[in-house]
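Below is one structure, written out as structure tokens; comments come after it.
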Amino acid sequence: MGFFRRTGFARATAAASLLLLGACVTSGEQATLVQKPKTPPVRTVSNFSEALRCMDTLMWNHGKRDIFITSNGIPDATGRVAGGTKEMLITAVSRMSERSNAFRFVDFEPTLDDVNALYWMIGVQPNFRAPSYYVRGAITQLDDNVVSEAASAGISLPTVDLGISADQVMSVISVDLNIGELATRQIIPGLSASNSLAIISSGKGADAGAVIGKAGLSFNVSLNKSEGLHQAVRTLIELSTIEVLGKMTRTPYWQCLGIDQTNPAFAGQARDWFDGMAPSQRVAYVQRVLLAEGYYDGSDSGQLDERTRDAISRYQADNDLIATGRIDFDLYQRMLAQPSGQKGPGAPRLQSVSNAGGEGLPRATPAPAGAPPDLVLSSDRGPQPRYRAGEALVVKVQPTANGFVYCYYQDAAGSVARIFPNRFQPDSFVQANQQVEVPPGAQKPFNLRMDRPGASETIACVVSPDELGTRIADRYKTEDLQPIPGATLADVVGAYGSIQGTNVRSRQMAVQVLPAVSAQR
């Protein structure tokens with residue numbers, strides 16, 4: 001196992017002074033009004049304001065919510081545009097979350113020192129919500145006067161000079177955005193947006209036109225003389241935010257940009273999403289849509305049973321599809337194009353893109369008294385695993401109800417360390433029947449490797465409807481993946497059980513270590 005350390009702190013102070021005027025005291029008369037402002041304040045309405053509202057509705061319809069994100073801002077890599085790009089990004093995210101609560105922006109700078117401090121805050125600060133993803137990017141291109149055209153004509157007479165001129169200048173500005181996982185600092189492939197805007201300025205100076213090229217299409221936007229370059233930057237950031245967060249949540253964001261569902265570029269995007277889903281994920285998605293549409297009254301179990309097939313057939317028949325009862329791309333694309341409005345309770349939280357952390361840490365509704373959550377504890381080799389020396393263990397834990405889960409590993413020497421939550425999976429809250437793997441992902445950020453043949457190592461997990469990480473004794477609040485000094489597994493489990501006013505269930509799993517296989521000659 002690998003280990004890391006984290007830190008960070010800052011503060012500011014202010015002072016004020018009072019000046020007294022002694023000899024003269026003025027009456028309460030009003031000062032003479034000299035001049036009023038000539039330009040009234042107005043609310044910023046950008047070219048994609050309607051698209052952001054559309055995204056809010058789209059996120060609501062697709063059940064996306066409580067996705068915790070952050071950003072360091074969108075710096076100007078060209079050094080020629082000074083603007084509040086981070087605030088523009090926050091505003092765009094806020095506007096597409098007003099109704100759906102799809103995204104929660106955490107004002108937490110994802111620099112190395114702050115990420116280091118983040119790991120100490122998990123499970124210690126009760127109100128802190130860790131962002132799982134961060135948006136990074138930059139203004140990557142600004143080319144002034146890319147194309148310049150000018151024409152003029154004149155006539156001179158003894159009593160009058162007459163001249164006319166016209167010129168047209170085009171400039172290009174580009175913004176690139178990407179999504180990364182905060183815990184692993186890995187940029188997620190495919191979750192990127194790169195958009196350029198061409199600003200065509202007329203010599204008349206009254207108006208400027210802009211064209212954004214995307215997937216062979218153009219978005220026409222208008223920029224007046226007073227708005228200038230910064231409005232163009234806002235327009236690009238909003239477009240790129242719609243695209244990159246739409247890709248992240250796998251929602252058909254192109255609908256909000258007025259792009260037809262059959263556009264080859266976006267049909268290909270939907271096809272990639274469909275091909276990248278596991279069969280059970282496809283079934284669960286279809287079941288949720290069928291449930292919202294009234295074709296199905298079961299759960300989103302991910303099992304393609306006869307009741308689900310019958311519901312699919314009726315949906316296909318009603319939507320001009322061949323009623324096969326099978327899940328294919330045509331069915332998926334039709335459901336994307338016609339998302340159902342939510343009915344009844346909100347949809348489940350978005351699943352992690354690459355299983356390396358949660359979507360934030362919203363509070364769970366406490367389980368009813370007398371019915372606390374329980375655990376199913378297993379491994380990639382079943383509930384009674386056997387590994388050879390040198391092989392790595394993958395723990396699988398699944399609560400039976402919403403709850404907060406904490407897991408510990410005791411090695412052959414008796415050392416105990418917390419393995420969940422950890423710096424790569426900071427969310428201790430796990431939904432009912434959601435299986436969590438420790439370590440996460442296909443490329444494991446750390447390993448639980450067996451090294452002593454004949455030994456028995458142990459995994460213990462506890463679950464509670466309450467967040468106990470803030471209430472456990474301080475001696476057990478050590479860094480994840482580090483041995484807890486002087487503690488046994490029984491000590492740690494007992495410490496959770498001794499907390500008053502909550503229900504705690506625990507499960508243990510013994511791991512048998514076999515000798516390594518000798519090399520064959």
Side-chain angles (χ1 to χ4, degrees), residues 1-4 119 122-123 132 181 183-186 188 276-281 302 351-359 373-400 403-413 415-463 479-484 489 492-493 505-517:
M1 294 185 282
F3 316 112
F4 306 84
Y119 298 130
I122 300 299
S132 293
E181 288 181 329
T184 64
R185 306 294 290 173
Q186 295 179 4
I188 304 172
M277 297 170 71
S280 60
Q281 291 177 319
Q351 297 302 307
S352 179
V353 174
S354 61
N355 195 28
E359 292 67 48
D374 204 344
L375 282 172
V376 176
L377 183 58
S378 188
S379 73
D380 56 338
R381 298 189 182 179
Q384 297 178 330
R386 303 170 68 190
Y387 293 85
R388 294 192 178 277
E391 293 180 333
L393 163 71
V394 177
V395 178
K396 296 187 177 185
V397 57
Q398 179 176 317
T400 59
F404 294 87
V405 177
Y406 304 87
C407 292
Y408 294 81
Y409 166 64
Q410 179 176 281
D411 63 16
S415 295
V416 177
R418 174 167 53 83
I419 60 173
F420 184 86
N422 55 61
R423 66 200 67 178
F424 308 103
Q425 297 166 293
D427 193 347
S428 63
F429 172 76
V430 184
Q431 284 189 331
N433 301 315
Q434 176 184 330
Q435 186 177 85
V436 175
E437 288 190 358
V438 185
Q443 297 180 344
K444 305 300 183 186
F446 65 93
N447 287 308
L448 302 174
R449 197 172 299 281
M450 306 297 105
D451 58 3
R452 186 176 297 183
S456 179
E457 309 194 356
T458 308
I459 304 293
C461 295
V462 298
V463 62
E479 188 176 4
D480 63 312
L481 309 178
Q482 291 279 15
I484 302 174
L489 206 56
V492 177
V493 174
R505 291 289 180 92
S506 66
R507 298 288 176 184
Q508 295 192 14
M509 177 177 66
V511 182
Q512 186 177 357
V513 184
L514 304 176
V517 178

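Worth knowing before you read on, the calculation uses all heavy atoms, side chains too, and leaves out hydrogens, waters and symmetry mates.
- Between F424 and N422, the shortest heavy-atom contact is N-OD1, 2.8 Å.
- The two atoms that bring A510 and S456 nearest to each other are CB-OG, 4.1 Å, heavy atoms only.
- Taking all atoms of both residues into account, the shortest heavy-atom contact from A460 to Q508 is CB-CG, 3.8 Å.
- Contact annotation: the side chain of D411 never approaches that of D451 to less than 4.5 Å [non-hydrogen atoms, C-beta and beyond].
- Looking only at side-chain heavy atoms (C-beta outward), I484 and Y408 come within less than 4.5 Å of each other.
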Practice problem: For F446 and V438, run side chain to side chain contact (heavy atoms under 4.5 Å, CB included): C-alpha distance rounded to whole Å, both residues' side-chain angles, the deciding distance at 0.1 Å, then the answer. | Solution: CA-CA 9 Å; F446 65 93; V438 185; 4.0 Å; yes
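- For the pair V397 and V463, the minimum side-chain heavy-atom distance is 4.5 Å or more.
- Residues V436 and V405 have side chains not in contact (no heavy-atom distance under 4.5 Å, counting atoms from C-beta outward).
- Put simply, the side chain of R423 gets close to the backbone of D480: a donor and an acceptor are under 3.5 Å apart.
- Q425 places a side-chain N or O within 3.5 Å of a backbone atom of E437 that can act as its donor or acceptor partner.
- Counting only distance, with no hydrogens or angles, the side chain of R388 and the backbone of P515 share a donor-acceptor pair below 3.5 Å.
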Exercise. Test side chain to side chain contact (heavy atoms under 4.5 Å, CB included) on I419 and I459 and set out the steps.
Key: CA-CA 9 Å; I419 60 173; I459 304 293; 4.2 Å; yes
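- Within 6.0 Å of CZ in R381 there are more than 12 heavy atoms belonging to other residues, nucleotides or ligands.
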Exercise. Tell me, with the steps shown, if V513 and R452 meet side chain to side chain contact (heavy atoms under 4.5 Å, CB included).
Key: CA-CA 7 Å; V513 184; R452 186 176 297 183; 5.6 Å; no
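- Between D380 and Y387, the closest side-chain pair of non-hydrogen atoms falls below 4.5 Å.
- Here the CD atom belonging to Q384 is positioned 10.5 Å from the CE atom belonging to M509, to the nearest 0.5 angstrom.
- Counting only heavy atoms from C-beta outward, the side chains of R505 and L375 never approach each other to under 4.5 Å.
- In this structure a side-chain-to-backbone donor-acceptor pair under 3.5 Å is missing from R507 to V376.
- To the nearest 0.5 Å, atom CG of residue L377 and atom CD of residue Q398 are 11.0 Å apart.
- Heavy atoms only, all atoms of each residue included: P421 and S428 are closest at CG-CB, 3.8 Å.
- Closest heavy-atom contact between G382 and S379: O-OG, 2.6 Å.
- Using a distance-only test at 3.5 Å, with no hydrogens or angles considered, a donor-acceptor pair links the side chain of T400 to the main chain of D374.
- Atom CE of M450 is separated from atom CG of L393 by 5.0 Å, given to the nearest 0.5 angstrom.
- Atom-to-atom distance recorded for K444:NZ and R449:CZ is 12.0 Å, nearest 0.5 angstrom.
- The distance from atom OH of Y409 to atom OG1 of T458, rounded to the nearest 0.5 Å, is 9.0 Å.
- Closest approach of G276 to Q281, counting heavy atoms only: O-OE1, 4.4 Å.
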